[in-house]
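See structure below.
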Amino acid sequence: MVAAAGLAGASPTRRGALSFLALELVLILSFAWEFVQVSFVHPSSTGGLVFLSWPLLQWAAVAVAFPVALAFGWRMRPDFLKG
């Protein structure tokens, strides 16, 4: 989630920022969905493993979104790193 927020902040256009914010929202909602599923709908003794593995899947989603954004012409704002 932190990477998606950083990429949104570095986006040169509003459309790019909204795309990364949408990705972040989807990642947050996916974790919430899994939390509800594991905690209330289908509780199990191994349900806690979701909380260890789910962030890895979220990083994989960001790792896929970043090259796709680069392929579509996304470039970081030059003033972003000067901060």
Let me check something: any side-chain donor-acceptor pairs from residues 63-72 under 3.5 Å, sequence neighbours excluded? List them with distances.
none

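Checked against side chain to side chain donor-acceptor pair (under 3.5 Å), Ser11 has the following partners two or more places apart in sequence or in another chain: Trp74. Scanning for side-chain contact (heavy atoms from CB on, under 4.5 Å) contacts around Leu21 gives Ala8, Glu24, with sequence neighbours left out. Taking the side-chain contact (heavy atoms from CB on, under 4.5 Å) definition, one finds that Trp33 meets it with Gln37, sequence neighbours left out.
Residues Leu27 and Val62 are in side-chain contact: their nearest non-hydrogen atoms beyond the backbone lie under 4.5 Å apart.
Here the CG-CG distance, from Leu18 to Leu23, works out to 12.5 Å after rounding to the nearest 0.5 Å.
Other residues sharing a hydrophobic cluster with Leu25 under the 4.5 Å side-chain heavy-atom criterion for ILVMFWY residues are Leu29.
Residue pairs satisfying the side-chain hydrogen bond (donor to acceptor under 3.5 Å, both in side chains) criterion with at least one member in residues 47-57, sequence neighbours excluded, are listed as follows: Ser30-Trp54.
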